[in-house]
Amino acid sequence: MDENTFTENFNNQRWPSKTFLCYMVERLDDENTATPLDEHKGFVRNKGRDEPGEPCHAELYFLEQIRSWNLDRNQHYRLTCFISWTPCYNCAQKLTTFLEENHHISLHIFASRIYTVDDSGSHQSGLRALQVRAGITIMTSKDFERCWVTFVDHKEKPFQPWEGLEVKSKKLCEELQAILRAQQN
DNA sequence: ATTTTCAAT
């Protein structure tokens, strides 16, 4: 991913109308030692309404990727993804179902911002259901840096935090905590 | 005090 794509989409003070999702996979052995599977590292983006064909959220392309790997059900894998918006209700449901059917796969989602557009259900309830099967947290500067180091063509440049990163991240983190803690809806 | 959202005006 190039530098501008990262900045335009993951900067938590911007409001891009598209979504990028970076993913990586590790195999865990009996002692929980992680071995990165770099052949399955990459990123996807949504297909927008201004593009030909049916629009599609980034998460569905991500699921397509995972399925194509045919990960061994006798092993255990840890998937990590960095996504620029939290999953909508539908995508959260699809991810939840996938994880219920694939216990050999664990998923942790780091999200830059909270997507709050309601479609067929409330984004809050979608995220709460997802949290039962997956880890979901707001990206802190440490996470932005890891995403930068792992996925951006950074040309050896270190990650440069932007103005207000920490404050915004903290605020979003509190918002997400409130969503995940709520009892209904 | 603080919009904007995998768009649609």
Side-chain angles (χ1 to χ4, degrees), chain A residues 1-25 40-68 79-99 107-131 133-141 143-144 146-148 150-152 161-182 185:
Chain A
M1 170 180 294
D2 68 63
E3 223 179 292
N4 286 337
T5 304
F6 173 81
T7 306
E8 282 168 19
N9 289 283
F10 282 92
N11 183 313
N12 58 9
Q13 297 192 314
R14 298 193 186 191
W15 300 82
S17 54
K18 54 192 170 185
T19 298
F20 277 77
L21 186 161
C22 303
Y23 55 84
M24 55 182 287
V25 190
H40 297 327
K41 194 179 91 170
F43 68 92
V44 290
R45 61 150 297 176
N46 72 296
K47 186 162 78 174
R49 297 191 187 282
D50 55 343
E51 293 172 75
E54 282 295 300
C56 180
H57 280 188
E59 293 89 331
L60 305 185
Y61 289 125
F62 176 45
L63 279 173
E64 225 171 72
Q65 289 291 308
I66 303 171
R67 288 200 171 96
S68 76
L79 270 56
T80 303
C81 80
F82 299 95
I83 187 167
S84 53
W85 289 107
T86 51
C88 73
Y89 178 78
N90 273 326
C91 290
Q93 293 265 303
K94 291 222 162 64
L95 288 167
T96 304
T97 303
F98 176 81
L99 293 169
L107 173 66
H108 194 103
I109 298 170
F110 294 94
S112 174
R113 295 170 296 260
I114 301 173
Y115 185 74
T116 61
V117 175
D118 286 359
D119 34 34
S120 47
S122 85
H123 67 279
Q124 292 99 328
S125 65
L127 292 176
R128 274 197 295 274
L130 180 57
Q131 129 183 265
R133 293 290 176 185
I136 170 156
T137 51
I138 293 295
M139 288 171 78
T140 63
S141 69
D143 302 319
F144 285 115
R146 180 145 88 109
C147 186
W148 168 271
T150 311
F151 295 99
V152 179
W162 47 86
E163 192 74 22
L165 182 158
E166 296 280 359
V167 174
K168 185 72 178 183
S169 173
K170 280 205 182 78
K171 188 183 280 181
L172 289 171
C173 188
E174 283 165 19
E175 271 180 45
L176 182 63
Q177 288 311 313
I179 290 171
L180 297 182
R181 267 200 306 264
N185 261 345

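Naming convention: chains lettered A, B, ... in sequence-line order (proteins, then strands); numbering from 1 in each chain. All values derive from a computational prediction rather than experimental measurement.
In summary, the aromatic rings of A/W162 and A/F144 are positioned with their centroids under 6.0 Å apart. A centroid separation of 6.0 Å or more is found between the aromatic rings of A/F43 and A/F151.
To the nearest angstrom, P of B/dA7 lies 12 Å from CD of A/E54. As a whole-Å value, the separation of A/H57 NE2 from B/dT5 C1' is 10 Å. In this structure, A/L172 atom CG and B/dT2 atom C1' are separated by 13 Å, rounded to whole Å. Going from atom CD of A/Q13 over to atom P of B/dT4 covers 16 Å, rounded to whole Å. Taking atom CG of residue A/L63 and atom C1' of nucleotide B/dC6, one finds them 14 Å apart after rounding to whole Å. Between the CD atom of A/E59 and the C1' atom of B/dC6 there is a distance of 7 Å, given to the nearest Å. One can place NE2 of A/H123 at 14 Å from C1' of B/dC6, the figure rounded to the nearest angstrom. As rounded to whole Å, 11 Å separates atom C1' of B/dT5 from atom CD1 of A/I114.
Put simply, the side chain of A/S125 gets close to the backbone of A/S122: a donor and an acceptor are under 3.5 Å apart.
Contact annotation: side chain of A/S17 to base of B/dT5, donor-acceptor pair absent below 3.5 Å.
Here the separation of B/dT2 from B/dA7, taken at their P atoms, is 27 Å to the nearest Å. B/dT5 and B/dA1 are spaced 23 Å apart, taking the P atom of each and rounding to whole Å.
A/T140 and A/D143 share a donor-acceptor pair across their side chains, judged by distance under 3.5 Å alone.
As judged by a 4.0 angstrom heavy-atom cut-off over every strand, A/T86 is placed among the base-contacting residues.
Between A/R49 and A/W85, the residue anchored nearer the 5' end of DNA chain B, judged by the nucleotide with its closest heavy atom, is A/W85.
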